Structures are given as structure tokens and as C-alpha cells.
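Just so we're clear, the structure is a prediction, and the values are computed from it rather than from any experiment. In what follows, every chain begins at residue 1, and chains take the letters A, B, ... in the order their sequences are listed.
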Amino acid sequence: MLQIHNTLTRQKEEFKPLDPNNIRMYVCGMTVYDMCHIGHARVLVVFDVIYRYLCEVYGKERVTYVRNITDIDDKIIARANENKEDFNTLTGRFIDEMHHDSEALGILAPNQEPRATLYMDQIITMVQTLVEKGFAYAAANGDVYYAVSKFKNYGLLSGKHIEDLRAGERVAVDDAKNDPLDFVLWKAAKPEEPSWDSPWGKGRPGWHIECSAMSTECLGHNFDIHGGGMDLQFPHHENEIAQSEAATGEKFANIWMHNGFVRIDDEKMSKSLGNFFTIREVTEIYDPEILRYFILTSHYRSPLNYSDKQLDIAKAALTTLYTALRGVDVVPVDSTDTEYHQRVRTAMDDDFNTAEVLPVLFDLAKEVNRYKEKDNDKAKHYASLLRELSGLIGLLNQDPEVFLRGGQQEQGITADDIDNLIEQRNQARTAKDWAESDRIRDVLKEQGIVLEDAGGETTWRRE
RNA sequence: GGCGAGGUAGCCAAACGGCUGGGCAAGUGAUUGCAAAUCACUCUUAUGUCGGUUCGAAUCCGAUCCUCGCCUCCA
């Protein structure tokens, strides 16, 4: 029985799909004006694992996963101006980069990836509905605002009270608004800005309305899961609820899921703080799977402290796992209901507890190693289980040789050179010339190549 | 100030009323020409502090000290 923590109720709840034949999940994706950083990697990985598990439980054809792209907003316009390029060129480029990073991290493509600029009609229609229903108003400056005080449940998701928000002096004063808490649905275009025609003149949508319109269009008035980073809880998701529920008169998302932040030295990693690493920077040094593994070592709602040391540890752990798989054929698994399956299911059923899944993988690796040289059939059996269960969370999908040899890229010494040196060393060993044998091993060691003489064969891996 | 999350052995991190999770690091043994890898064992059952509830608490309650987040664009 799958239990999911719901931000709305602040507790774990049994997951009851609205329609078991169509599980629907919407996740707030990226604003594409720059490279993705590790924080983005976490959202991608976390919800990828959730998507994978929903597919496992309900069947892939019964799950619809939508992750949007925000391709028009202030930052995009500002960056495009800086670069003196069309904003579409800019966003197109970074969408490609995002897809590149996603693929590297083993993220499955969502079923739909709506872009705000392609949903202008739906956005405008929703704003219009809100105006007609009295939840929104056009201001003198051409903007359209949502009247927060009209929505009685405002603050339910984030646990905030309108009075508190008003008391806090941090809400920007804006003369065009009737109430400082009101937020913009439609922004009147300034000269030279990209804009779309609307009943209120040329302009562009506010950020929050984009997600309301796209999720409704792709998934319907109500759907099962709405996710995103913790920082979106307020105001973004709060505002989405206000917009969607006011517009449709129906309950919006059933379950709200928020993943914890990635931190650097106990501080949130973010663009505004400038303390971020891009996915690209990290994956140029570490195999992307190492980053994925690192993200899965902690629960998705916990904060995750990023450091090179942690990635080194993740690398060591993955090396152990891949070393077990090395040289063992994978065969179809005969049972899908072993104790290992059950342990993984129990862990995943408990609010996607990936950290609990990892010990199962290590137990399987241990079994593989135990039988590797004694009982090949058993070794194969456990290796296959390991592949299958790790695959459930998108791990260990590579060829062990590729992972252990540090990917296909030839940095420094080539595989042929290594093989030649190993051959020379083996000749020396046959001649019991240990000095020569050790010399060659040291030469390779200096190149970051570690030799392993197991079962009469010499294999190598990069450190 | 309002609201929220958390403090678990050397490091990371699960468990959330009873039954040593796991990884990394370290040590011993087996194995090896020596290593590496692997296996077995060890690293004395660790839970911020002070009280309380309970037969029993890391887990519940209260107090207290720290850390972090949201309240502004942010995954």
C-alpha cells in the first residue's frame, strides 16, 4: 500500500488514485534561461523515481507525467536582452541543454512537457474566467491581478494566514493593486517586450497562471499529484490552488509533494545566492549516475548537503555495486516476488524511501560476490535481481565495464595501452619477475588505473 | 516577528514506542608472489541538553540550546 506525504495535510496518506487507470502527476519544471544546477537535478531525479515507481505499481500505460517548462518570464527577457538575442533562441538553447542533462542523469522523458508560450489561449481563457467570476480584476496600468481576499482557502497549503502575510512588511507595495497580497495574472507589455494579444491589451502571463492553465489543459480540473521544490510551496503553489479552484470550482491536486533543497555548507543552493554548481560542471568530473546515486541516498524531503566528498563516497558505493555485476551475465528474473522485491516495495511504499532501497542492493551485491566463483547460476540469479531492482530507481543501467573504466572517453592513457601493459605484466608474472610486474602496476596506478587479478584474469578500472 | 523542517556513532544517512539498517572511512583474519577486489569479523546498541509519560523512548509530551528553510524571483 503506497503511502505519500501530502504537504496539504502535513502527513503521510494512503495513495488513492482518482482513476486507477490514469494516474496523473504534474511537476513544476525549469525556467529556461540558464544551465540547470544540482538543485534542479534533485527535482528531476526525485520525481523521476516517483514516476518510475508509479509505473511499476500501476503500469506504465496508466501513468501520465507532465513536467512543464517556463519559457517566458522577467529573467528570460532580461537575459535575452543582455545577450542581444531573441528570447526564443535563448529558451530553445537551454531547453536542449536541460534535455541533455536529464538524459545523462537517466531521467525518463515525461509524457508531456508543455511550454507556457504554446498555451497562451488556455492561459488567457483562465484569466478571463477568473475576471468573470470576480476573483480577478484589471488594474489601471493594464495588469490583471488575482484578488487574494476573494479566495477563502488562501494559505491552506503553506500554512499561512492572510493577516500574518499582511502584517509582515515584506510584501512589495504596488499602487496598481487593490491589496498588496494580490498577485499578477497578466502583465501589460512594456515596449520592446515579447507580448501576446489579450482582452486587456498586449502582454504576457504571470508565472503562477501558466502552471494552472497547463496542468488543467494536460491533466484536467483535478489530478492526483502536484510536485515541485520546497520553495514553490509559497507563493507559487498556493497561488495555483487559488487560481485553479476559483476558475473550475473543483478541487485541484489531491496530493502536493515537495522535495527538500540541495545545500552547500548548510545554505540553500540557489541562483540568487550564487552558490550553485551546474549539473554540467559536476558531470564533467563525475559520472552522472554518481550524482543520481548521491541524490537517492537521502529521503526526498530532507535537505541534502552537497560536497565533493559526498560524491566521492557515492562513487565508491557505485563502484562496489558495479564490481559485483562485472563479468556476470544477466538473465531474465524468474520471480518477481522474492524477499528482495518485497523489501524494495516496502521501502518505496513508504513515501518513496530510496535510502531504504540501497541496503537491498548491497545485500544482493554481496550474494553475487559470494557465488561468483563457486556457483555461476546463483551469481547470475542475484546479479539479475540486482539489475532489476536497481533499475526500479534508475540505477545500474550501464555496462559495468563502461562505468568502471570511467566511461568511453579516453582521458590520458588509452585502453589499448593499458591492455598492452597488462600483457607485459602478465608475462613478467609468469616469469615470476615480481619487480617488473609491480613496476608496471605502479606505472598504471600513477595514471589512475587500478588492476585487479581475480579468477586468473586481470581487469582494470579507473580510480 | 509569523509559519515550518531538523539535530542519530569518525563522515553521510535510514528507522519514528520494544527487535544491532546501510554506505564511506578505519582495524583484524581468510585469499593473493605482494597488492587490488572479494568474503568473514571488529569499530563496545549512536540518537543536542534537561525533565516527564511508559514495563520499555532516538521514537510520545514539556522545557531549553543550536542549525536550516519559507514569508521576495527561486527546484
Side-chain angles (χ1 to χ4, degrees), chain A residues 7 10 27-31 36-47 67 70 73-75 78 155 158-161 163-172 207 227-236 238 258-263 265-273 276 293-294 297-299 301-305 307 309-310 312-321 323-324 326 343 347 350 353-363 365-366 368-374 404 429 432-435 437-438 441-442 445 449-455 458-461 463:
Chain A
T7 307
R10 274 147 256 270
V27 172
C28 291
M30 264 46 92
T31 300
C36 291
H37 58 64
I38 309 298
H40 298 121
R42 192 173 192 191
V43 193
L44 290 170
V45 170
V46 161
F47 287 99
R67 192 185 62 220
T70 297
D73 89 326
D74 290 350
K75 287 188 173 168
S158 54
K160 298 190 187 307
H161 303 285
E163 314 82 68
D164 295 338
L165 289 170
R166 206 161 263 138
E169 300 241 344
R170 308 192 53 179
V171 182
W207 176 39
M230 206 103 107
D231 47 357
L232 299 187
Q233 193 179 329
F234 188 89
H236 186 53
E238 194 70 64
H258 294 100
N259 66 274
F261 292 126
V262 177
R263 300 193 205 163
D265 296 331
D266 274 337
E267 243 189 353
K268 175 183 169 180
M269 175 185 288
S270 75
K271 294 221 168 133
S272 19
L273 287 171
F276 64 93
Y293 181 94
F294 165 65
T297 53
S298 81
H299 186 89
R301 279 186 285 118
S302 307
L304 183 61
N305 234 329
S307 69
K309 191 183 164 199
Q310 290 312 311
D312 287 337
I313 289 172
K315 181 180 183 178
L318 270 179
T319 300
T320 301
L321 260 14
T323 301
R326 190 174 219 180
R343 283 169 66 192
D350 184 14
N353 195 339
T354 52
E356 277 282 289
V357 172
L358 303 179
V360 181
L361 306 185
F362 284 95
D363 285 351
K366 192 161 280 189
V368 175
N369 287 328
R370 222 198 296 273
Y371 289 113
K372 229 175 187 175
E373 288 178 22
K374 296 184 224 156
L404 294 168
R429 290 175 72 209
K432 296 200 195 287
D433 183 353
W434 308 128
S437 159
D438 291 350
R441 188 169 61 198
D442 289 344
K445 172 94 175 151
I449 306 300
V450 179
L451 297 188
E452 289 166 15
D453 302 323
T458 302
T459 53
W460 62 271
R461 64 181 161 88
E463 269 181 326

Lys/Arg-Asp/Glu bridge criterion (N-O < 4.0 Å) met for Arg343(A), Glu356(A):
no
Between Gly159(A) and Gly228(A), which has a closest nucleotide on RNA chain B that is more 5'?
Gly159(A)
Can a side-chain donor-acceptor contact be found between Ser158(A) and Gln233(A) if the only test is distance below 3.5 angstrom?
no
What is the distance from NZ of Lys75(A) to C1' of U72(B), rounded to the nearest Å?
10 Å
Could you work out the separation of A9(B) and A15(B) based on their P atoms and round it to a whole Å?
16 Å
Measure CE/Met269(A) against P/C70(B) and give the value in whole Å, please.
14 Å
Please measure how far the C1' atom in U47(B) lies from the corresponding atom in A57(B), and state the result in whole Å.
10 Å
Give the rounded distance in Å between these two atoms: CZ of Arg67(A) and C1' of A75(B).
11 Å
Salt bridge between Arg263(A) and Asp266(A), side-chain N to carboxylate O under 4.0 Å?
yes
May I ask you to decide if Glu267(A)'s main-chain N or O and Asp265(A)'s side chain share a donor-acceptor pair within less than 3.5 Å?
no
Each nucleotide in nucleotides 64-69 of chain B should get exactly one letter: B, S or -. Can you fill that in based on protein heavy atoms under 4.0 Å?
----SS
Counting only N and O atoms by type, is there a donor-acceptor contact under 3.5 Å from the side chain of His37(A) to the main-chain atoms of Gly39(A)?
yes
Between C19(B) and G56(B), how many Å separate the two C1' atoms, rounded to a whole number?
13 Å
Is the closest basic N to carboxylate O distance between Lys366(A) and Asp363(A) below 4.0 Å?
no
Dot-bracket pairing map - RNA chain B, Watson-Crick plus G-U, both contacts under 3.5 Å, | cross-strand:
(((((((..(((.....[...))).(((((.......))))).....(((((..]....))))))))))))....
Would you mind telling me which of A35(B), G33(B), A75(B) lies closest to the side-chain atoms of His37(A)?
A75(B)
Rounded distance in Å between the C1' positions of C11(B) and U54(B)
35 Å
Have a look at Val27(A) and say if it touches a base, only the backbone sugar-phosphate, or nothing, with a 4.0 Å heavy-atom cut-off.
nothing
Would you give the length of the straight line joining atom OG1 of Thr297(A) to atom CD of Gln310(A), rounded to the nearest 0.5 angstrom?
7.0 Å
Residue closer to the 5' end of RNA chain B, Arg441(A) versus Gly29(A) (nearest nucleotide)
Arg441(A)
Let me know the distance between CD of Gln233(A) and C1' of C3(B), rounded to the nearest Å.
10 Å
Any donor-acceptor N/O pair, Arg429(A) side chain to Trp434(A) backbone, under 3.5 Å
no
Is the number of heavy atoms from other residues, nucleotides or ligands within 6.0 Å of CG (Asp442(A)) greater than 12?
yes
Inter-nucleotide C1' distance (G10(B), U44(B)), Å rounded
16 Å
For atom P, what is the distance between C66(B) and C24(B), given to the nearest Å?
36 Å
For Lys309(A), report the nucleic acid contact type (base, sugar-phosphate, nothing); a contact means any heavy atom under 4.0 Å.
sugar-phosphate
For Thr297(A), which contact category applies under a 4.0 Å heavy-atom criterion: base, sugar-phosphate, or nothing?
sugar-phosphate
Could you tell me whether the side chain of Thr319(A) and the main chain of Lys315(A) form a donor-acceptor pair under 3.5 Å?
yes
Tell me the interatomic distance from Leu232(A), atom CG, to G4(B), atom C1', rounded to whole angstroms.
16 Å
In whole angstroms, how far is the C1' atom of A37(B) from the CD atom of Glu463(A)?
13 Å
List the protein contact pattern of nucleotides 16-32 of chain B with one symbol per nucleotide (5' to 3'): B for base contact, S for sugar-phosphate-only contact, - for none; contact means a heavy-atom distance under 4.0 Å.
-----BSSS--------
G1(B) base to Asp164(A) side chain: any donor-acceptor pair below 3.5 Å?
no
In plain terms, say whether Glu452(A) and Arg461(A) are close enough for a salt bridge, that is, a side-chain N and a carboxylate O under 4.0 Å apart.
yes
Examine the base of A75(B) for any acceptor or donor lying under 3.5 Å from a partner atom in the side chain of Arg42(A), and report the outcome as yes or no.
no
Indicate, yes or no, whether a donor-acceptor pair under 3.5 Å links the base of G33(B) to the side chain of Ser437(A).
yes
Rounded distance (Å) that lies between atom C1' of G7(B) and atom CG of Asn305(A):
13 Å
Check whether any side-chain N or O of Arg10(A) sits under 4.0 Å from OP1 or OP2 of A5(B), and answer yes or no.
no
For U64(B) and C71(B), measure between their P atoms and round to the nearest Å.
27 Å
If the C1' atom of C12(B) is compared with that of A63(B), how far apart are they to the nearest Å?
31 Å
Any donor-acceptor pair under 3.5 Å from Asp164(A) side chain to Lys160(A) backbone
no
Answer yes if the side chains of Asp453(A) and Thr458(A) hold a donor-acceptor pair under 3.5 Å, and no otherwise.
yes
Does A75(B) have its OP1 or OP2 closer than 4.0 Å to a side-chain nitrogen or oxygen of Asn259(A)?
no
Atom NE2 of His299(A) and atom C1' of C12(B): how far apart are they, to the nearest Å?
17 Å
I'd like to know if the side chain of Lys372(A) and the backbone of Ala324(A) have a donor-acceptor N/O pair within less than 3.5 Å.
yes
Please state whether the phosphate of A14(B), meaning OP1 or OP2, lies under 4.0 angstrom from any side-chain nitrogen or oxygen of Ser302(A).
yes
With a 4.0 Å cutoff (strictly under), does any side-chain N or O of Asn353(A) reach OP1 or OP2 of A15(B)?
yes
Determine: side-chain N/O of Thr31(A) to OP1/OP2 of A75(B), distance under 4.0 Å, yes or no.
yes
